[in-house]
Amino acid sequence: MAQAGETVALPKPALTGPSSVEQLMAQRRSTRDYQDTALELAEIGQLLWAAQGITHSRGFRTAPSAGALYPLELYVVANRVDGLARGVYHYDPRRHRLLSTHLDDVQVELCQAAWLQECVQEAPAVVVFTAVYERTMKKYGKRGKRYVHIEVGHAAQNLFLQAESMGLGTVDVGAFSDDAVAEVLQLPDDFEPLLLMPVGHK
Ligand SMILES: Cc1cc2nc3c(=O)[nH]c(=O)nc-3n(C[C@H](O)[C@H](O)[C@H](O)COP(=O)(O)O)c2cc1C
């Protein structure tokens, strides 16, 4: 089990799966109820890789990024994940690992920040998409904000289809207090929370 400040190596992601992309798109549905079963570390790693994993020696990722500037930063709030103590973890795509930021039981507070949507509290884990707008806006100006929002959609859909492929359910949670989520996760000032995705077994 990781302690705050520790790194957790994630298992190498799989590059094959049981279903076609057409099947996954056809069967994908938002899921807000999950079994109590814990997630495995490899499952969390696979989901994060699908959203933002590095797939090219020049640093390109599973999801496209305007100017390859990669403004997205992903966090995991772990509630029931084998091999992870409850707490908040930051995904490092370059090393495909997690950095433990703090080890509090924050799921209840995160649920409150999301206007008491129960799926946030009940899920074994919640993936939080944040963005540093400035990385993209310094090149593209005001239009860069639009690009960041397009990118989070790409990454989230990758995670959605990957979850479906693994028999996991998820849902986009866009209704939350930005300030409250930033506080619960102790985000740096320039990290904007954009989307929560609770994940668990269907
Ligand atoms: C940007 C966005 C924000 C959403 N926010 C929420 C949310 O806060 N809570 C929720 O339960 N569902 C949320 N949803 C999920 C939609 O309710 C869901 O996609 C829609 O009902 C269609 O169902 P389906 O995803 O199963 O096709 C959101 C979806 C999107 C795209």
Side-chain angles (χ1 to χ4, degrees), residues 1-18 34-65 68-107 110 120 123-132 135 151-152 154-170 181-182 184-188 190-191 193-201:
M1 288 283 182
Q3 301 300 306
E6 280 189 12
T7 60
V8 182
L10 293 166
K12 222 174 155 192
L15 297 179
T16 56
Y34 316 103
Q35 294 178 26
D36 289 339
T37 330
L39 290 176
E40 292 169 15
L41 194 59
E43 290 174 317
I44 286 290
Q46 189 74 33
L47 294 167
L48 293 168
W49 173 83
Q52 277 295 282
I54 295 196
T55 50
H56 191 280
S57 55
R58 288 173 57 194
F60 301 135
R61 303 190 185 183
T62 49
S65 177
L69 292 168
Y70 300 109
L72 302 181
E73 296 286 340
L74 270 53
Y75 287 78
V76 175
V77 175
N79 188 22
R80 295 185 305 282
V81 180
D82 288 340
L84 290 183
R86 284 183 167 191
V88 182
Y89 298 82
H90 187 190
Y91 179 51
D92 170 7
R94 285 167 199 82
R95 312 277 295 267
H96 191 53
R97 66 182 184 179
L98 291 171
L99 306 169
S100 162
T101 67
H102 54 290
L103 289 180
D104 294 330
D105 190 354
V106 299
Q107 206 122 356
L110 192 63
V120 174
V126 182
V127 177
V128 181
F129 292 76
T130 77
V132 182
R135 284 183 200 157
E151 289 182 33
V152 76
H154 279 294
Q157 183 73 353
N158 279 4
L159 189 154
F160 215 128
L161 296 179
Q162 179 70 74
E164 191 65 38
S165 160
M166 294 156 64
L168 303 174
T170 188
V181 169
V184 171
L185 266 62
Q186 299 177 17
L187 294 177
D190 54 347
F191 283 38
L194 295 180
L195 180 65
L196 314 181
M197 292 185 80
V199 193
H201 289 273

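Reckoned from all heavy atoms, side chains included, excluding hydrogens, waters and symmetry mates.
For Glu151, the side chain to side chain donor-acceptor pair (under 3.5 Å) partners two or more places apart in sequence, or in a different chain, are Ser65. Not counting sequence neighbours, Gln186 has no partner by the side chain to side chain donor-acceptor pair (under 3.5 Å) test. Scanning for side-chain contact (heavy atoms from CB on, under 4.5 Å) contacts around Pro64 gives His154, with sequence neighbours left out. Considering only residues two or more places apart in sequence or on other chains, Leu69 meets the side-chain contact (heavy atoms from CB on, under 4.5 Å) condition with Thr136, Lys139, Tyr140. With sequence neighbours excluded, no residue forms a ring-ring contact (aromatic ring centres under 6.0 Å, His included) with Phe129. Residues passing the salt bridge (charged side-chain N to carboxylate O under 4.0 Å, His left out) test with Arg61: none are found, sequence neighbours excluded. Partners of Thr37 under the side chain to side chain donor-acceptor pair (under 3.5 Å) rule, at least two apart in sequence or in another chain, are Gln35. With sequence neighbours excluded, no residue forms a salt bridge (charged side-chain N to carboxylate O under 4.0 Å, His left out) with Arg95. When the side-chain contact (heavy atoms from CB on, under 4.5 Å) test is applied to Ala68, the partners found at least two apart in sequence or on another chain are Phe60, Tyr70. Here Ala163 pairs with Leu47, Leu168, Thr170 under the side-chain contact (heavy atoms from CB on, under 4.5 Å) rule; sequence neighbours left out. Scanning for side chain to side chain donor-acceptor pair (under 3.5 Å) contacts around Arg135 gives Glu73, with sequence neighbours left out. In this structure, the salt bridge (charged side-chain N to carboxylate O under 4.0 Å, His left out) partners of Asp105, at least two apart in sequence or on a different chain, are Arg86.
In this structure, CD1 in Ile44 is found 8.0 Å from CG in Leu98, a value given to the nearest 0.5 Å. Interatomic distance, Leu72 CG to Gln52 CD, rounded to the nearest 0.5 Å: 4.5 Å. To the nearest 0.5 Å, the span separating CG on Asn79 from CD on Gln107 amounts to 3.5 Å. Atom OG1 of residue Thr130 and atom CG of residue Leu194 lie 7.0 Å apart, to the nearest 0.5 angstrom. Atom CG of Leu41 is separated from atom CD of Gln46 by 12.0 Å, given to the nearest 0.5 angstrom. Rounding to the nearest 0.5 Å places CG of Leu84 at 9.5 Å from CG of Leu103.
In this structure, the side chain of Thr101 engages the main chain of Val88 through a donor-acceptor pair within 3.5 Å. Remark: the backbone N or O of Asp104 is not paired with any side-chain donor or acceptor of His102 at under 3.5 angstrom. Looking only at distances, no side-chain donor or acceptor of Gln162 sits under 3.5 Å from a matching main-chain atom of Leu48. Asn158 contributes a side-chain N or O that, together with a main-chain N or O of Ala50, makes up a donor-acceptor pair within less than 3.5 Å.
The shortest side-chain heavy-atom distance between Tyr75 and Leu99 does not fall under the 4.5 Å cut-off. Side-chain contact between Val77 and Val184 is absent, with no heavy atoms from C-beta onward closer than 4.5 Å. Side-chain contact between Trp49 and Leu10 is absent, with no heavy atoms from C-beta onward closer than 4.5 Å. By the 4.5 Å heavy-atom criterion applied to side chains, Leu39 and His201 are counted as neighbours. Annotation: side chain of Ile54 is not in contact with side chain of His96 (no heavy-atom distance under 4.5 Å). Counting only heavy atoms from C-beta outward, the side chains of Tyr34 and Arg80 never approach each other to under 4.5 Å. With a 4.5 Å cut-off on side-chain heavy atoms, Leu185 and Pro193 do not count as touching.
Between Leu159 and the options Thr62, Val127, Leu195, a side chain to side chain contact (heavy atoms under 4.5 Å, CB included) holds for only Val127.
Shown here for Ala78 and Ala85, the closest heavy-atom pair between the two residues is CB-O, 4.1 Å.
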